[in-house]
Amino acid sequence: MGKILCIVLCGLLLGGCAAGPVATPETAAPATAQTETQATPESATPEQAVTEALGAVKTRRLTVALNGCIAFEADSAGGSLKTAIAAAGMVEYLAGDFVPQDLAGETTAWQAALSKEDSATMDANWPGVYRCAQDICTDLSSQQELLDTAGVTTDFAAMDLTEVPARLDAMNTALTG
């Protein structure tokens, strides 16, 4: 947890560094009651702020992984390679530390926000992505040639994939009902 906290805090610090130039006394706007009330509430502790920031990071990473599943049409040219790329990305994501506690709920929320067109694309693409991701976890050798051809360079054999199949199943249940 300390490692994750450190990563989130570093990200917040780096984000603040890139925010823009520091105001000088000559350029600083005077504080008003309105700007003071927009600040973080005093009741929010640093731990709560970190927890909220970490939650936002987890949701964003889930969104990126799921968006990879609708970035192509499975039955188009190169569809099997694109499916393998999306599956590899999903496995990498699900093997990481930034998976939300309520994975199924957040997956359902992501799906509910899709347009009708994107929802149809997900319905068409997900079964292939799900199968390929399962195979990466259970029988990597059967997928290695496809992954190599698709340009996936992740060393899945060196990763701890023990939790990924259950997480995939939770997402599958959320996405397919």
Side-chain angles (χ1 to χ4, degrees), residues 1-15 47-74 76 78-114 118-119 121-177:
M1 179 67 178
K3 185 177 176 183
I4 293 172
L5 180 62
C6 182
I7 291 170
V8 171
L9 290 175
C10 287
L12 292 173
L13 286 173
L14 288 174
E47 292 82 14
Q48 289 170 323
V50 169
T51 299
E52 288 177 17
L54 185 58
V57 168
K58 289 179 178 184
T59 298
R60 180 67 186 139
R61 289 195 175 195
L62 174 62
T63 299
V64 169
L66 285 167
N67 283 349
C69 298
I70 59 171
F72 65 97
E73 293 182 19
S76 65
S80 62
L81 298 177
K82 294 171 188 173
T83 298
I85 292 168
M90 188 62 65
V91 170
E92 284 182 66
Y93 165 72
L94 292 174
D97 293 332
F98 290 99
V99 178
Q101 191 119 18
D102 184 15
L103 179 61
E106 293 209 24
T107 299
T108 300
W110 172 85
Q111 185 180 34
L114 291 177
D118 285 344
S119 184
T121 300
M122 186 63 171
D123 290 345
N125 292 355
W126 177 250
V129 171
Y130 176 63
R131 263 190 317 278
C132 186
Q134 284 178 313
D135 289 343
I136 290 170
C137 294
T138 59
D139 188 14
L140 179 58
S141 62
S142 72
Q143 298 298 305
Q144 195 61 60
E145 184 178 341
L146 176 64
L147 293 170
D148 291 343
T149 303
V152 175
T153 59
T154 305
D155 184 5
F156 292 107
M159 296 174 73
D160 179 8
L161 304 178
T162 54
E163 293 183 40
V164 176
R167 290 173 174 176
L168 276 169
D169 290 343
M171 291 181 76
N172 186 55
T173 300
L175 291 167
T176 61

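Hydrogens, waters and symmetry mates play no part in the numbers below; they use all other heavy atoms, side chains included.
Between W126 and Q111 there is no side-chain heavy-atom pair separated by less than 4.5 Å. With contacts defined as side-chain heavy-atom distances shorter than 4.5 Å, the pair F72/L81 does not qualify. Side-chain atoms of T63 and E106, non-hydrogen and from C-beta on, never get closer than 4.5 Å to each other. Within the 4.5 Å cutoff, the side chain of L103 has heavy atoms near those of the M171 side chain. Within the 4.5 Å cutoff, no side-chain heavy atoms of I136 are placed close to those of M90.
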Verdict with supporting geometry, V152 and I85, side chain to side chain contact (heavy atoms under 4.5 Å, CB included): CA-CA 7 Å; V152 175; I85 292 168; 4.1 Å; yes
F156 and L147: CA distance, side-chain angles, deciding distance, side chain to side chain contact (heavy atoms under 4.5 Å, CB included) verdict: CA-CA 11 Å; F156 292 107; L147 293 170; 4.1 Å; yes
Verdict with supporting geometry, M159 and T154, side chain to side chain contact (heavy atoms under 4.5 Å, CB included): CA-CA 9 Å; M159 296 174 73; T154 305; 3.6 Å; yes
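Residue L175 holds its CG atom at 6.5 Å from CG of L66, rounded to the nearest 0.5 Å. Summarising the geometry, atom OG1 belonging to T176 is positioned 10.0 Å from atom CE belonging to M122; distances are rounded to the nearest 0.5 Å. Atom CG in D102 sits 8.0 Å away from atom OG1 in T108 (nearest 0.5 Å). How far CH2 of W110 is from CG of N67: 6.0 Å, rounded to the nearest 0.5 Å. Separation of atoms CD (E92) and CZ (R61) is listed at 11.0 Å; rounding is to 0.5 Å.
Side-chain contact annotation: D148 with Q144, donor-acceptor N/O pair under 3.5 Å present. Counted by atom type alone, S141 and D139 present one or more donor-acceptor pairs between their side chains at under 3.5 Å.
A pairwise comparison of heavy atoms in D123 and P127 identifies O-CD, 3.3 Å as the closest pair. The minimum heavy-atom distance linking A157 with L140 is given by the pair N-CD2, 3.7 Å. The two residues A104 and A170 make their nearest non-hydrogen contact at CB-O, 4.0 Å. Contact record, L62 with P100: CD2-CG, 4.1 Å, taken as the closest heavy-atom pair. The nearest pair of heavy atoms linking A84 to C132 is CA-SG, 3.9 Å. In terms of heavy-atom proximity, C137 sits nearest to P165 at CB-CG, 4.0 Å.
Formation of a donor-acceptor pair under 3.5 Å by the R167 side chain with backbone atoms of L94 is found in this model. With hydrogens and angles disregarded, no donor-acceptor distance shorter than 3.5 Å links the side chain of N125 to the backbone of I70.
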